[in-house]
Colleague: 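Structure below; questions to follow.
When reading the values below, keep in mind they use all heavy atoms of this one structure, side chains included, and skip hydrogens, waters and symmetry mates. Note that the coordinates shown come from a computational prediction; the quantities given were computed from them, not determined experimentally. Numbers restart at 1 for each chain; the letters A, B, ... are given by sequence-line order, proteins then strands.
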Amino acid sequence: MAKEYNFQEIEQKWHQLWTANETYKVTEDKNKQKFYVLNMFPYPSGAGLHVGHPLGYIASDIYSRYKRQKGFNVLNPMGYDSYGLPAEQYAIQTGQHPEKTTFQNIDRYREQLDKIGFCFDWSREVRTCDPGYYHWTQWAFQKMFASFYCLKCQKAQPIEELINYLNEHGTEGLNVAQSEELHITAEEWKAMNEKEQSDVLMNYRIAFLGETMVNWCPKLGTVLANDEVVDGVSVRGGYPVEQKKMRQWCLRVSAYAQRLLDGLDTIEWSDSIKETQRNWIGRSEGAEIEFKIADSDKSFTIFTTRADTMFGVTFMVLAPENELVQTVTTPENKAEVEKYLTYVKGRTERERQIDHKITGVFSGSYAINPFTGEKNPIWISEYVLAGYGTGAIMAVPAHDSRDYAFAKHFGLPIIPLIEGADISEESYDAKEGIVTNSPRKDVTPYIDFSLNGLTVKEAIAATKVYVKEHHLGRVKVNYRLRDAIFSRQRYWGEPFPVYYKNDIPQMIPEDCLPIELPQVEKFLPTETGEPPLGNAQIWAWDEVNRKIVDKNLIDNKNVFPIELYTMPGFAGSSAYYLRYMDPRNDKALVSKEADEYWQNVDLYVGGSEHATGHLIYSRFWNKFLYDLGVSCKEEPFQKLINQGMIQGRSNFVYRVKDTNTFVSLGMKNEYDVTPIHVDVNIVKNDVLDIDAFKAWRPEYETAEFILEDGKYICGWAIEKMSKSMFNVVNPDMIVEKFGADTLRLYEMFLGPVEQSKPWDTNGIDGCHRFLKKFWSLFWDKEGNLQVTNEEPTAENLKSLHKVIKKVSADIEAFSYNTSISALMVACNELSQQKCRCRQIMEPLVIIIAPFAPHIAEELWEALGHNTTVCDAQWPDYDEKYLVESSVKLGVQFNGKVRFALDFPADATPDQMISMVKTAPEAQKYLEGMQIVKTIAIPGRIVNIVLKPC
RNA sequence: GCCCAGAUGGUGGAAUUGGUAGACACGAGGGACUUAAAAUCCCUUGACCAUUACCGGUCGUACGGGUUCGAGUCCCGUUCCGGGCACCA
């Protein structure tokens, strides 16, 4: 009896040994080059790990193991993003503390992860809900509170510096990131009381309390960040979201907009994700130009990217929320304007986003074009957004499609400014062409400024210069990137280390951190509408004794209320990669030594759905820590691989209407049938297990079947993986049936890691079969190791070196499916060659180890090694074994292959051509023809171009 | 509407980046072993034509053009699918 591949025994054995020997524990080792591999840590949901999770983990595990064998000191940690809404929602429903369910879920995740054989260093595990961890989330928040962003030095600076500046100069000449432009003299600043000064500083702090329009989700009872809202509904739960003005903690992410944009050029991420981030940041260069309101001493500023179209402005538009609306509305128009504002208020964000109705109202006032002196009517319309630019625009209907639609609808004039542009049907928006009508001599015969004859691009530049020189406005860069709303009205999140003294927020001293999440009985908001933390009794700060005390002790002297908000989900996930470097440090987020050794993440693996959330926030967070000198690298994730989504592959059975008879796929068109989802776990290769089906549901017990070829073939469709479609595949079942090594191999063999693909177990047998074949290479019929010390043949060496070359290159390129193919080929070749030389087999075990570590360890041990295969050195290939003495090439005439010919490997192009000319097979093609041209590339191609004589 | 990435057998996918398209695997068909099943092994498998057999031929990488001795790969246009952004001035 041959020795069987008993994967269950093997895998269990090695899991135990790995744990016992701490095989995957890493320490900072200055003698070795570091390599940091990181997976986006999971949120431990109640549903457990599904087959989509391991995809990325396996890919990065292979890379980690490979790098380790290449001699790198590899950090490959894992942890849990363990604060979040689902656990809290579950707590509200069942009364179970979210910590309890979260920990249960974590245990289940760990169990599932362990089965797959990852090389995580679990001694470095972090959990975002652990006080030892969120200590540093709170700490970073306090640092942001204590900082402002200097635009001149493009860096976060201590707020004290700003205070000093205000003391000396007021806001005069201040070039910093701010919520709004303030004009305060040093004297005014110094005359302010504490509360007023605090409010002024909020305008500059990187973490600040802001009265802003927020996305309020009534159903979830909390505010949401922009990336948590899609199409006017919450990403989690899909509940409606409305705009509401609220006082919230915010992070001044927008201050870093330019650095976030520039940094993209220094990192190796996919073009599509960089593009997504660029869109999200939304940089646009333009100018702010001031328009005076006619018959008034007031004026307002608009933002435009098309300064060249100043001569085509025919009206102005204010956003309905713009503060100037009241000012510009004349008494005669007041009633109409009020009516319109009421209409706009009644429209939800979602409605405004979905249908773009052309609506608006004339305010009665006019604005004076600073170039031409023309009076343009000021309109109010919802198509202008309050949150972007200045909330006011100059309308150039000839060259902006929205202005055009508005002008047509309300019968406003349209003046073309570009030569040859046809604007009879639609506006000409392209930034191309030659400018004309600028100025129009009939309107402004006196102006000494002309754009006529310039291209649009030249005209934009010329206008900006003119605006600057004549103090009509300023050149301005706008970003769409908004500041992040940083507070949530929820329980299960990091508490803010903040208390309120006379309504002025104060930071709890750094040495008193962390402020631990208090226990509460109920997880819902309080009866008075306070956030859930309002239910906590022991939740007040005693300033004198420096500790948390009972709320009843609140007085106005030294006990104060603590912030009731908690931090959002992205707080904990924004700097976790730094914490893994030094996870148990209670003196700092990360020690200087650990940070300088591990630097940043070399390879980050995770889903692309985080492109505008986590991947922006953590870049921002890291840049801030970089400014502080905590992180030595400006970008946290050097290379990013986005694993594709795993979709579900659903199966259907077809029930004949009004019967309990099911008809096989091939004949369903002959009947009137209803497709019904069937559990994919009772279908194999689209063939239904009829007995299992009958047992699946009581109503199918008596089911009858119309078969084809004695089988019931199911239909299939690619759909989202979901319980209701019975297409969820759990990795545990695969591990049980085929082993972790097969699962690993198969998930990688499915296709490129970055591609989304349906989960389809149809091919899993092939991978399992390969492992069995591989296993049997090592054992003879009696179950003894058949590896010998024979000298390998040239053929053996060639097979081995070919596969080493291919697999090394493919792993570096994350092309795991092709490396597995190469391993399969090598296995077949060596099996055919009946190769059993140790010199061949040992390297083979080493290169299969990243993919199938359990079987590799077992064989490595059988080969007589008492070290782990993880530390076996990755073999180098030698080109000399791959060189052919002769190469068979197709000989082409006029680009068509006619016959094959053997060429010496070192033949020169000329020699190749003369060989072809003299080859007997060639004569019938050469006859009566003359050679026009010859092309020969050694090892590649030989082609002779002929034409008749 | 704008931007990005794609389209290759019955299926998942290869193709050294311009050099014999379809590696590898699944599925399917045929065969061997077996009382039988499982497992294992061998052969066939892009389409069409030709053929007793051998040797062959034509067409083929979404569609239409182009560059080239030669195009899945490069260029122009079209269609379709996926992703992102979207009254962003």
Colleague: Could you work out the separation of B:rC74 and B:rA15 based on their P atoms and round it to a whole Å?
Modeller: 14 Å
Colleague: Expressed as a whole number of angstroms, how long is the span from A:I616:CD1 to B:rC85:P?
Modeller: 11 Å
Colleague: If the glycosidic angle is within 90 degrees of 0 it's syn, otherwise anti, so just tell me which one B:rU44 is.
Modeller: anti
Colleague: Quantified in whole Å, what is the C1' atom distance between nucleotide B:rU79 and nucleotide B:rG64?
Modeller: 10 Å
Colleague: I want to confirm an ordering. Mapping A:Q755 and A:G766 to their closest nucleotides on RNA chain B, which one lands closer to the 5' end?
Modeller: A:Q755
Colleague: Tell me the interatomic distance from A:D227, atom CG, to B:rC85, atom P, rounded to whole angstroms.
Modeller: 10 Å
Colleague: Once you apply a heavy-atom cut-off of 4.0 Å, does A:N828 come out as touching a base, just sugar-phosphate, or nothing?
Modeller: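 Sugar-phosphate contact only - A:N828 comes under 4.0 Å of backbone atoms but never of a base.
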Colleague: Quick one: A:I937 CD1 to B:rU20 P, roughly how many Å, whole number?
Modeller: 10 Å
Colleague: Is the distance from OP1 or OP2 of B:rA89 to the nearest side-chain N or O of A:S284 less than 4.0 Å?
Modeller: yes
Colleague: Nearest to the side chain of A:E275, which nucleotide is it out of B:rC87, B:rC4, B:rU17?
Modeller: B:rC4
Colleague: Could you give the distance separating B:rC76 and B:rA25 at their C1' atoms, to the nearest angstrom?
Modeller: 38 Å
Colleague: Select base, sugar-phosphate, or nothing to describe what A:I393 touches, counting heavy atoms under 4.0 Å on all strands.
Modeller: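 A:I393: base contact, heavy atoms under 4.0 Å.
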Colleague: Can you check the A:M748 CE to B:rG12 P distance for me, whole Å?
Modeller: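 Distance, rounded to whole Å: 18 Å.
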Colleague: Write down the distance between CD (A:E609) and P (B:rG84), rounded to a whole number of angstrom.
Modeller: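 Result: 10 Å.
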Colleague: Counting the atoms with a prime plus P, OP1 and OP2 as sugar-phosphate, which does A:R769 contact under 4.0 Å by heavy atoms, base, sugar-phosphate, or nothing?
Modeller: sugar-phosphate
Colleague: With the side chain of A:S821 defined as its heavy atoms from C-beta on, choose the nearest nucleotide among B:rA25, B:rC85, B:rA23.
Modeller: B:rA23
Colleague: Please state how far atom CD1 in A:I941 lies from atom P in B:rA21, giving the value in whole angstrom units.
Modeller: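 Checked: the CD1 to P distance equals 9 Å.
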Colleague: Given the C1' atoms of B:rA7 and B:rG22, what is the spacing between them in whole Å?
Modeller: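 Their C1' atoms lie roughly 16 Å apart.
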Colleague: For B:rU40 versus B:rC48, give the span between their C1' atoms, rounded off to a whole number of Å.
Modeller: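 Going atom to atom, C1' in each nucleotide, I get 36 Å.
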Colleague: Any carboxylate oxygen within less than 4.0 angstrom of a Lys/Arg side-chain nitrogen, looking at A:D403 and A:K408?
Modeller: no
Colleague: NA contact type, A:K773, heavy-atom cut-off 4.0 Å: base, sugar-phosphate, or nothing?
Modeller: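 Sugar-phosphate contact only - A:K773 comes under 4.0 Å of backbone atoms but never of a base.
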Colleague: Rounding to an integer number of Å, can you tell me how far A:E812 CD sits from B:rU16 P?
Modeller: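 Taking CD of A:E812 and P of B:rU16, I get 18 Å after rounding.
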Colleague: Touch check for A:L823, heavy atoms < 4.0 angstrom, all strands: base, sugar-phosphate only, or nothing?
Modeller: nothing
Colleague: Under 4.0 Å from OP1 or OP2 of B:rG19: is there any side-chain N or O of A:Q892 that close?
Modeller: no
Colleague: I'd like the P distance from B:rU17 over to B:rU8, given in whole Å.
Modeller: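 Straight-line distance between the two P atoms is 23 Å.
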Colleague: Quick one: which of B:rC87, B:rC4, B:rA89 gets closest to the side chain of A:V384?
Modeller: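 Between B:rC87, B:rC4, B:rA89, the one nearest the side chain of A:V384 would be B:rA89.
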Colleague: Applying a 3.5 angstrom cut-off to the pairing atoms, does RNA chain B sit in any stems of at least three consecutive Watson-Crick or G-U pairs? List them by first number.
Modeller: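 Stem list for RNA chain B: B:1-4 with B:82-85, B:10-12 with B:24-26, B:27-32 with B:40-45, B:46-49 with B:56-59, B:62-66 with B:74-78.
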Colleague: Can you tell me which nucleotide in B:rA15, B:rC24, B:rC85 comes closest to the side chain of A:T818?
Modeller: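 Side chain of A:T818 sits closest to B:rA15.
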Colleague: Within 90° of 0 counts as syn, otherwise anti: where does B:rG10 fall?
Modeller: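 With its glycosidic angle more than 90° from zero, B:rG10 counts as anti.
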Colleague: In whole angstrom, give me the gap between the P atoms of B:rC59 and B:rA53.
Modeller: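 That atom pair is separated by 24 Å.
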Colleague: Once side chain to side chain contact (heavy atoms under 4.5 Å, CB included) is applied, do any residues pair with A:L743, and if so which ones, sequence neighbours excluded?
Modeller: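 Checked A:L743 against side chain to side chain contact (heavy atoms under 4.5 Å, CB included); matches are A:I116, A:P731, A:I734, A:V735, A:E747, A:W759.
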Colleague: Who pairs with A:S831 by side chain to side chain donor-acceptor pair (under 3.5 Å), at least two apart in sequence or on another chain?
Modeller: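 Per chain and number, A:S831 pairs via side chain to side chain donor-acceptor pair (under 3.5 Å) with no residue.
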Colleague: Is A:N817 close enough to B:rA14 that one of its side-chain N or O atoms is under 4.0 Å from OP1 or OP2 there?
Modeller: yes
Colleague: Measure from the side chain of A:T304, starting at C-beta and using heavy atoms only, and say which of B:rC24, B:rA89, B:rA5 lies closest.
Modeller: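 Of the candidates, B:rA89 comes closest.
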Colleague: Is it the case that the side chain of A:Q277 and the backbone of A:A611 share a donor-acceptor pair, with hydrogens and angles ignored and the cut-off at 3.5 Å?
Modeller: yes
Colleague: Heavy atoms from C-beta onward define the side chain here; which of B:rC85, B:rA89, B:rA14 lies closest to that of A:Y388?
Modeller: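 Minimum distance to the A:Y388 side chain belongs to B:rA89.
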Colleague: Using a strict 4.0 Å threshold on nitrogen-to-oxygen distance, state whether A:K457 and A:E432 make a salt bridge.
Modeller: no
Colleague: Of the non-hydrogen atoms in A:I820 and A:L745, which two are nearest, and what is the gap between them?
Modeller: CD1-O, 3.5 Å
Colleague: Just checking, A:R619 and A:W269: is the charged tip under 6.0 Å from the six-membered ring centre and within 45° of the axis?
Modeller: yes
Colleague: Within the structure shown, what part of the strands sits under 4.0 Å from A:K772 by heavy-atom distance: base, sugar-phosphate, or nothing?
Modeller: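 Here A:K772 touches the backbone only, sparing every base.
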Colleague: Taking the P atom in each of B:rG65 and B:rU73, what is the distance between them to the nearest angstrom?
Modeller: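 One P to the other, the span is 14 Å.
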Colleague: Take atom NZ of A:K476 and atom C1' of B:rA89, then tell me their distance rounded to the nearest Å.
Modeller: 14 Å
Colleague: Would you call the rings of A:F410 and A:F406 parallel, tilted or perpendicular, taking 30° and 60° as the class edges?
Modeller: tilted
Colleague: Under 4.0 Å, counting only non-hydrogen atoms across every strand here, what does A:V396 touch: a base, just sugar-phosphate, or nothing?
Modeller: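 Touches nothing.
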Colleague: So does A:M929 have more than 12 non-hydrogen atoms from other groups sitting under 6.0 Å from CE?
Modeller: yes
Colleague: Between A:E829 and A:K802, is the closest basic N to carboxylate O distance under 4.0 Å?
Modeller: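 Salt bridge flag = yes for A:E829 with A:K802.
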